[in-house]
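Notes to accompany the following structure.
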Amino acid sequence: MSTIAIIIAGGSGHRMGQDIPKQFINVYDKPVLIYTLESFQRHPLVDEIEVVCIEGWHDVVSAYAKQFGITKLSRIVLGGETGQESIRNGVYALEGTCSEDDIVIIHDGIRPLVDGEVLTDVIHTAQKYGNAVTSMPYNEQIFLVDEDDEKTTTKYVRRETVRRVSTPQAYRFGKLLWAYKKAFAEKIGIYGSSYTNTMMVELGEKLHFASGSDKNIKLTTKDDLELFKAYLKADKDSWLK
């Protein structure tokens, strides 16, 4: 059984307000995407890395991989118009090379602080149950907006009953391939903010929680980028190799 990571780097990064996609922004002389890839390169349970890349940046990814020693990179796949199309393209590119029981990890290229313990747990959970989504408890109060007046509320959700989920997520390849073919054929769970985990639930699948980390931030805004820099300064002596 092999473990393959699909790293999604297909976004344009408009919300960051930069001239280049945010996954290629340099932080301390290293692109954000490379920080992400290094986490998977270091992990002993990850056998292979596939990058799903925005059009026109394939050669850049390849050059950076060589420069920074990302030897597990096996292929670079063209992204789609949406996040779900990009993931689908990455999954389809593995057809014919992966066995049904291989574990496929899906991870955002702009989540560069995923640590080894999180990856280990998501892999082991997926091996045991067939899928795994990283999760964290929700520590704030959650209220529901009233249907007649969005500025008021009369209902809340017990925070003990909810979880925050993100990437990395992992699935057995056979189930993942089936899900994307069915979802795109029947237009289920592929629009808007849909992701693999929400699509799976819409297809009737039960998902299993794995461990997450508050440090596993998604770099969407300039404030996120500054927080990432702060983490690097604080932790580089203990974890940055």
Side-chain angles (χ1 to χ4, degrees), residues 1-11 20-54 57-79 86-87 89-91 93-94 97-99 102-127 132-134 166-171 173 176 196 210-213 215-219 225 228-229 231-241:
M1 180 186 298
S2 297
T3 299
I4 302 95
I6 299 178
I7 308 301
I8 307 302
I20 64 173
K22 52 196 170 186
Q23 57 269 32
F24 296 106
I25 293 173
N26 271 334
V27 177
Y28 303 132
D29 298 320
K30 186 185 297 185
V32 166
L33 179 61
I34 292 299
Y35 285 101
T36 305
L37 296 181
E38 285 178 334
S39 296
F40 292 85
Q41 174 71 28
R42 288 193 298 263
H43 201 283
L45 298 180
V46 176
D47 301 298
E48 184 180 333
I49 300 171
E50 171 189 284
V51 172
V52 180
C53 183
I54 189 171
W57 289 82
H58 288 58
D59 290 343
V60 175
V61 172
S62 181
Y64 278 143
K66 291 178 181 178
Q67 178 183 352
F68 291 97
I70 310 300
T71 59
K72 292 181 181 180
L73 179 64
S74 60
R75 63 179 64 79
I76 303 171
V77 178
L78 180 64
S86 291
I87 300 172
N89 291 356
V91 173
L94 297 177
T97 65
C98 283
S99 70
D102 284 344
I103 299 300
V104 176
I105 305 170
I106 298 170
H107 187 66
D108 299 317
I110 52 173
R111 289 186 186 272
L113 290 173
V114 58
D115 62 41
E117 291 182 358
V118 168
L119 282 175
T120 297
D121 196 52
V122 81
I123 292 169
H124 285 165
T125 302
Q127 288 173 339
V133 294
T134 53
S166 63
T167 65
Q169 304 168 12
Y171 306 87
F173 176 70
L176 190 62
T196 309
S211 300
S213 169
K215 193 168 68 174
N216 184 28
I217 58 174
K218 186 176 184 180
L219 305 188
L225 194 61
F228 173 49
K229 292 178 181 178
Y231 271 127
L232 290 181
K233 286 183 178 180
D235 292 352
K236 65 180 180 180
D237 289 339
S238 62
W239 72 269
L240 188 60
K241 306 300 182 184

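Start at 1 with the first residue, then count along the sequence.
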Q | Result of checking Val77, Val52, Val51 against Ile6 for side chain to side chain contact (heavy atoms under 4.5 Å, CB included) | A |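 Of the listed residues Val77, Val52, Val51, the side chain to side chain contact (heavy atoms under 4.5 Å, CB included) partner of Ile6 is Val52.
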If you look at every heavy atom in [X] and [Y], which pair is closest and at what distance?
| X | Y | result |
| --- | --- | --- |
| Ala65 | Ile34 | N-CD1, 4.3 Å |
| Ala93 | Thr97 | O-OG1, 4.5 Å |
| Ala126 | Ala170 | CB-CB, 3.7 Å |
| Ser39 | Leu119 | O-CD1, 3.8 Å |
| Pro168 | Val118 | CG-CG1, 3.9 Å |
| Val46 | Lys72 | O-NZ, 2.6 Å |

Taking [Y]'s backbone N and O only, do any of them form a donor-acceptor pair with [X]'s side chain (distance below 3.5 Å, no angle check)?
| X | Y | answer |
| --- | --- | --- |
| Thr134 | Ser166 | yes |
| Arg111 | Asn216 | yes |
| Thr125 | Val122 | no |

Does a side-chain heavy-atom distance below 4.5 Å link [X] with [Y]?
| X | Y | result |
| --- | --- | --- |
| Ile123 | His43 | yes |
| Leu45 | His124 | yes |
| Tyr28 | Lys229 | yes |
| Ile25 | Lys22 | yes |

Q: Look at the rings of Phe228 and Tyr35 and say which category their plane angle falls in: under 30° parallel, 30 to 60° tilted, over 60° perpendicular.
A: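 It falls in the perpendicular class, over 60°.
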From [atom1] ([X]) to [atom2] ([Y]), nearest 0.5 Å:
| X | Y | atom1 | atom2 | answer |
| --- | --- | --- | --- | --- |
| Ile4 | Cys98 | CD1 | SG | 3.5 Å |
| Leu37 | Thr71 | CG | OG1 | 11.0 Å |
| Ile76 | Asp59 | CD1 | CG | 8.0 Å |
| Glu50 | Ile8 | CD | CD1 | 7.5 Å |
| Leu219 | Leu33 | CG | CG | 11.0 Å |
| Ser74 | Asp47 | OG | CG | 10.5 Å |

Q. Val61 and Phe24: side-chain contact (heavy atoms from CB on, under 4.5 Å), yes or no, with the steps?
A. CA-CA 9 Å; Val61 172; Phe24 296 106; 3.7 Å; yes
**Q.** Evaluation steps, side-chain contact (heavy atoms from CB on, under 4.5 Å), between Leu73 and Gln41
**A.** CA-CA 8 Å; Leu73 179 64; Gln41 174 71 28; over 6 Å; no
Q: Take Trp57 and Gln23 through the side-chain contact (heavy atoms from CB on, under 4.5 Å) test and state the conclusion after the steps.
A: CA-CA 11 Å; Trp57 289 82; Gln23 57 269 32; over 6 Å; no
Q.
Between Asp102 and Ser99, do the side chains contain a donor N or O and an acceptor N or O under 3.5 Å apart?
A.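 Indeed, the side chains of Ser99 and Asp102 share at least one donor-acceptor pair under 3.5 Å.
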